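The sequence lines fix the lettering, A, B, ..., with proteins before strands; numbering per chain opens at 1. Here the structure is a predicted model, which means the values were calculated and not measured.
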Amino acid sequence: MKTHISEYPSRLMTAPLIVLAVLSIVGGFIEWPHNLFHLTLFSDHVQKVLPETILKPDLSPEIIFQLIAVAATFSGIWLGYTLYVKNPGFVYSWKQAPTNNAITRFLYSGWGFDWLYHNVFVRPFLFLTRINKADVIDKLYHGIAWGNVQMNRLLSVSQNGSLRWYVVGVLIGILFIITLQYMI
Amino acid sequence: MILAWMICILMTAGLLCWLLAQWNPLIAKWIALLSVIINFILIGQLCLGHYARLADPDPWFINYEASWIPSFGISFHVAMDGLSAVLVLLSFFLGILAVLCSWNEVKTRTGFYYFNLLWTLAGITGVFVAMDLFLFYFFWEVMLVPMYFLIGIWGDSNRSYASYKFFIFTQTGGLLMLLAILALYFIHGQQTGSYSFDYFTLLNTTMEPAVARWIMWGFLVAFLIKLPMVPFHNWLPDAHSEAPTAGSLILAGLLLKTGAYGIIRFVLSLFPEASADIAWWMMLLGVIGIVYGAFLAFAQTDLKRLIAYTSVSHMGFVLLGIFALNEMAMQGVVMQMLAHGISTGALFAMAGMLKERLHTRNIGEMGGLWSLMPSMGGAAMLFTMASLGLPVLGNFIAEFLILMGVFPAASGLTVIAALGLVFSALYSLRLMQRVFLGPGTVTEPVKDASVREKIIMAALGIGIIALGLYPQPVMDMVKTAVERAIHSI
């Protein structure tokens with residue numbers, strides 16, 4: 001015994017367990033197949049709601065299938081007894097065998113589903129959201145603003161405060177207007 | 001007439017606030033609060049009256065026209081039907097909460113602040129009721145300039161960049177819309193000989209398909225920038241994160257809805273064939289918005305920016321639903337407008353409260369706040385669950401109706417949009433986990449929500465649960481408006 005039990009469970013805990021245990025044993029006996037006792041308490045009740053199960057008429061090897069099922073159950077109990085009660089060292093040494101390590105780990109981690117979901121869903125999602133945190137579409141509008149600033153820089157060359165340039169500009173404008181007037 | 005009165009009350013109260021605040025700032029706050037409460041009671045009565053008389057054949061239960069500039073065909077024509085009524089009700093509900101939010105937050109130039117707040121609300125109300133296109137454009141701009149001041153003066157550290165961006169984006173859209181309005185005006189005038197800006201008169205304009213398409217794009221660009229649709233959404237995260245709390249509340253809760261309202265009221269009714277032509281592309285862009293907004297929201301570390309990107313994602317649902325062009329999706333769109341206004345408004349109010357206490361918007365510096373601020377954590381949980389579309393809350397009804405309505409129109413896009421619901425769960429839960437749950441990193445003592453803040457959260461919470469459990473009154477009220485928008489196609 002590896003762990004020391006400090007106290008036995010109280011009656012409040014064992015009473016429901018006893019009820020459940022009795023029902024587990026008795027519950028199986030409310031429905032018997034038609035070649036043994038033919039008791040159909042459960043299916044009579046359920047058939048009022050769900051569609052009826054149609055049984056093939058009198059299949060002769062049916063008792064053989066029933067015996068196979070019983071044999072499988074009892075052999076499972078016997079196997080459990082042998083592996084875990086009579087000879088526990090066998091399972092322990094099998095688990096330690098190095099060839100079984102990878103399989104053990106795979107099965108232990110739930111058939112690797114966590115790893116699968118992490119790599120198929122979580123990592124791509126985190127990657128996509130991280131690279132676009134600053135919203136790449138914003139670059140378009142920053143670009144427009146940058147273009148305006150560059151045009152301002154270009155045109156500011158003409159703001160040099162030199163009166164000569166301004167007078168020449170006014171003259172060119174007047175010439176332009178007079179030419180337009182003669183063209184229209 | 002009462003609609004004009006509601007707008008006048010807001011504008012006069014705004015002016016009074018600005019003038020009286022130099023004498024006593026508290027008077028300005030109370031005037032602002034009283035004016036919004038009076039308007040809320042008025043619109044509440046109008047809605048109840050309309051709901052009682054739903055069998056009335058005329059859907060426009062208020063219709064007021066006064067000539068303004070008759071030589072150009074401009075009149076002061078305001079009308080209200082179920083859709084406008086529901087949205088104006090939302091405006092004043094959020095308006096009351098916006099005034100309450102900024103009670104202690106605004107310390108400098110309070111009079112001017114409330115002036116801007118009330119005039120933005122007046123502009124929004126005008127947008128929802130204006131029936132003359134010139135008047136509509138006028139209110140569109142009235143909505144814009146005070147919000148620019150709100151962001152630019154009382155905003156956060158990057159406020160001038162954010163306010164410029166907001167102003168230039170929405171103004172460009174507005175100017176293109178003005179071009180389209182003028183084009184429509186001149187075409188109608190040349191056809192019939194009478195020049196008029198009136199919505200009802202212009203509904204009967206016949207245009208060649210190419211012309212109709214261009215004019216529709218003029219209108220559509222303005223509304224899509226406001227909505228916002230994905231290539232044009234970049235003003236939203238900056239404006240929302242740098243605005244003061246009430247500014248974010250009104251931006252997210254109301255301004256985005258004016259875009260959706262404009263599409264339903266103007267684009268679908270004035271240009272039915274052109275809208276039907278581009279419907280699939282608009283739905284695709286809506287779905288792109290849903291997924292792109294959700295991905296960006298997940299990546300953010302700034303709390304307000306995260307919530308701003310969730311707005312982009314939810315408004316993608318609205319765009320998807322509008323252009324499905326069937327009644328169920330449209331009902332979903334109206335529900336989404338209301339539910340998103342309430343839930344995202346609440347999240348922004350909460351982000352503002354957190355910022356006041358922690359002086360940071362960075363999620364990395366928050367953590368484990370639930371044990372320090374249990375009532376705020378509870379409220380945040382409610383609104384985060386609303387944002388991700390939990391049943392019992394309003395957003396679920398909205399998204400469900402939209403998906404049901406879009407499925408017959410474009411089933412592939414519906415699948416991707418439904419995946420968008422999963423992505424919304426991702427960012428919402430990330431928000432909750434990083435801010436309120438997890439290991440505590442905040443060392444200074446933080447106070448839980450005060451009574452005023454609890455009132456705000458309670459009002460919004462009751463609103464979102466009421467919408468989720470009992471959406472039928474809203475759906476009944478907007479039924480005729482929604483049917484007319486679709487059956488013109």
Structural part of [X] lying under 4.5 Å from a heavy atom of chain A:
| X | value |
| --- | --- |
| Ile168(B) | neither |
| Phe169(B) | side chain |
| Tyr161(B) | side chain |

Does atom [atom1] of [X] have more than 12 heavy-atom neighbours from other groups under 6.0 Å away?
| X | atom1 | result |
| --- | --- | --- |
| Asn132(A) | CG | yes |
| Arg430(B) | CZ | yes |
| Tyr81(A) | OH | no |
| Trp280(B) | CH2 | yes |
| Leu155(A) | CG | yes |
| Phe125(A) | CZ | yes |

Practice problem: Report the C-alpha separation of Asp302(B) and Lys133(A) in whole Å, then their side-chain angles, then the decisive distance to 0.1 Å, and conclude whether the salt bridge (Lys or Arg N to Asp or Glu O under 4.0 Å) test is met. | Solution: CA-CA 11 Å; Asp302(B) 177 340; Lys133(A) 182 180 170 189; over 6 Å; no
Quiz item: Just how far is it from atom OH of Tyr141(A) to atom CH2 of Trp235(B), taken to the nearest 0.5 Å?
Solution: 12.0 Å
Quiz prompt | Pairing of Lys165(B) and Asp138(A) as salt bridge, 4.0 angstrom limit | solution = yes
Quiz item: For Leu140(A), is it the side chain, the backbone, both, or neither that has a heavy atom closer than 4.5 Å to a heavy atom of chain B?
Solution: neither
Self-check item: Side chain / backbone / both / neither for Ile137(A) at chain B, heavy atoms under 4.5 Å
Solution: both
Exercise. Please determine, among Ala294(B), Pro231(B), Ala297(B), the option with the most heavy-atom pairs under 4.5 Å with chain A.
Key: Pro231(B)
Quiz item: So which heavy atom on Thr129(A) is nearest to which on Phe295(B), and how close?
Solution: CG2-O, 3.3 Å
